[in-house]
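Every chain is numbered from 1, with letters handed out A, B, ... down the list of sequences. Everything numeric in this text was worked out from a predicted model, so none of it was measured.
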Number of protein chains: 2
Amino acid sequence: MSHMGYGCLMAVDREHVLRSAAALLTRRATATMDEVAKAAGISRATLHRQFAGRDALVRALEELGIQECEAALDAARLDDDTAREAVRRLVREFESAAGLLGFLYTENQLFEGEEQNAGWARIDARIAALFRRGQQSGEFRIDLTPAWLTEALYGLFASGAWAVSEGRVAAKDFQYMIVELLLGGALRREES
Amino acid sequence: MSHMGYGCLMAVDREHVLRSAAALLTRRATATMDEVAKAAGISRATLHRQFAGRDALVRALEELGIQECEAALDAARLDDDTAREAVRRLVREFESAAGLLGFLYTENQLFEGEEQNAGWARIDARIAALFRRGQQSGEFRIDLTPAWLTEALYGLFASGAWAVSEGRVAAKDFQYMIVELLLGGALRREES
DNA sequence: CCCGCGTGAGACATGTATGTCTCATATGGG
DNA sequence: CCCATATGAGACATACATGTCTCACGCGGG
């Protein structure tokens with residue numbers, strides 16, 4: 001009876017394992033597969049049955065991160081309103097994914113050799129397009145390239161998440177600090 | 001004749017090894033001790049004679065990074081001029097150290113357990129003091145805390161260095177992009 | 001010329017994370 | 001009630017970086 005594929009009793013749900021792994025690896029990027037398994041409340045054997053290895057797990061987390069980003073981008077409705085309002089929504093929607101993103105961001109530097117997942121290029125393109133729209137509408141400065149503004153946003157997310165986890169910035173100020181610094185730099189001077 | 005301590009033939013010079021290691025680890029944070037040795041043009045044995053282990057090497061690199069930062073801070077003369085000019089000088093002086101800083105920044109997250117080197121706190125304090133001076137002089141906004149501005153500067157350095165190494169930003173624009181984005185956010189609106 | 005010192009090369013042991021396997025168990029469905 | 005299936009526990013081999021050691025070589029000084 002292999003026709004069911006999913007349903008049935010299906011003990012561990014992949015989703016929960018991924019969430020636990022994301023939460024743990026966000027804090028300790030070097031956590032062991034054993035620790036990941038414990039964090040998810042399953043045995044290392046079962047973890048390994050679902051993800052062929054640490055590599056596969058990280059790739060799956062990457063997929064998850066990409067999905068969350070694209071969902072956040074959808075929810076932020078980047079084409080509506082003024083560009084700066086869209087940026088605010090973007091930061092708001094991204095906050096919950098900031099931790100995972102930070103992990104993947106540094107983890108990607110270790111994949112150096114291989115080509116990176118095409119999903120990131122799509123996400124980069126959507127965010128860069130938002131900044132470009134803002135430039136064309138006259139809201140944003142044109143001397144800072146959309147590509148750089150995109151990278152800078154990532155960097156601010158990373159340091160923001162880090163600062164919060166270190167207690168140097170209050171969690172409730174996370175969005176405000178990032179948006180205000182980024183927009184203040186991206187908006188033209190004669191801005192409200 | 002142990003009274004010389006340094007001079008003599010003293011084959012490998014510690015400085016050169018550190019520089020090579022910094023250059024390599026900046027690109028590939030997971031490089032092997034063997035690769036580090038090869039990059040420095042010495043054998044693993046000799047490398048190990050100078051630095052008791054990978055840990056010791058990273059600590060030494062941390063010391064080097066701290067020294068470079070403090071030298072950059074001195075050279076930037078943070079107390080002179082307007083705060084924004086001081087920030088420009090700061091970014092300029094920091095550029096050459098950006099790669100090493102990026103490596104140490106992510107590496108520090110792995111030390112999570114142990115207390116971090118007091119040097120970083122000193123550096124943080126000096127930079128935060130600059131932002132605070134700018135706030136008190138009325139140049140900078142007061143709704144973004146000095147601590148956050150400091151962290152944000154680190155984040156922008158990291159993403160800037162990364163973007164340059166990935167070819168998304170031209171190396172010659174590195175300083176400009178960072179300074180303009182940061183200052184645009186830190187300066188009050190009615191700014192030149 | 002000989003000796004000492006630092007180096008390079010490599011063998012060897014170690015620790016650790018990982019991948020793989022087996023087996024007992026429990027749970028749920030037929 | 002019995003069986004299938006997935007899980008948990010643990011043993012086991014492997015790969016790899018690391019730490020340690022020995023030994024031969026070369027260079028410079030006495």
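- Between Asp81(B) and Arg89(B) a salt bridge is recorded (basic side-chain N to carboxylate O distance below 4.0 Å).
- Straight-line distance from the NE2 atom of His48(A) to the P atom of dG8(D): 15 Å, rounded to whole Å.
- The CZ-C1' distance, from Arg44(B) to dG10(C), rounds to 10 Å in whole Å.
- Arg126(A) and Asp79(A) are not joined by a salt bridge, as no carboxylate oxygen comes within less than 4.0 angstrom of a charged side-chain nitrogen.
- Between the CZ atom of Arg54(B) and the P atom of dG19(D) there is a distance of 9 Å, rounded to whole Å.
- Here the closest heavy-atom approach between residue Tyr176(B) and residue Arg141(A) is recorded as OH-NH2, 4.1 Å.
- Using a 4.0 Å cut-off, some side-chain N or O of Thr32(B) falls inside it from OP1 or OP2 of dA17(D).
- Protein atom CG of Asp34(B) is 9 Å distant from nucleotide atom P of dT18(D), rounded to whole Å.
- Note: CD (Glu35(A)) to C1' (dT16(C)) measures 12 Å, nearest angstrom.
- In this model, the phosphate group of dG8(C) is approached by a side-chain N or O of Thr46(B) to a distance below 4.0 Å at OP1 or OP2.
- Between Leu47(B) atom CG and dA17(D) atom P there is a gap of 15 Å when expressed in whole angstrom units.
- Map Ala45(A) and Ala31(A) each onto its nearest nucleotide of DNA chain C; the residue landing nearer the 5' end is Ala31(A).
- In this structure, the CZ atom of Arg49(A) is 12 Å from the P atom of dT22(C), given to the nearest Å.
- Protein atom CZ of Phe51(B) is 21 Å distant from nucleotide atom P of dA17(D), rounded to whole Å.
- Expressed to the nearest 0.5 Å, how far CD of Glu180(B) lies from CG of Asp143(A) amounts to 6.0 Å.
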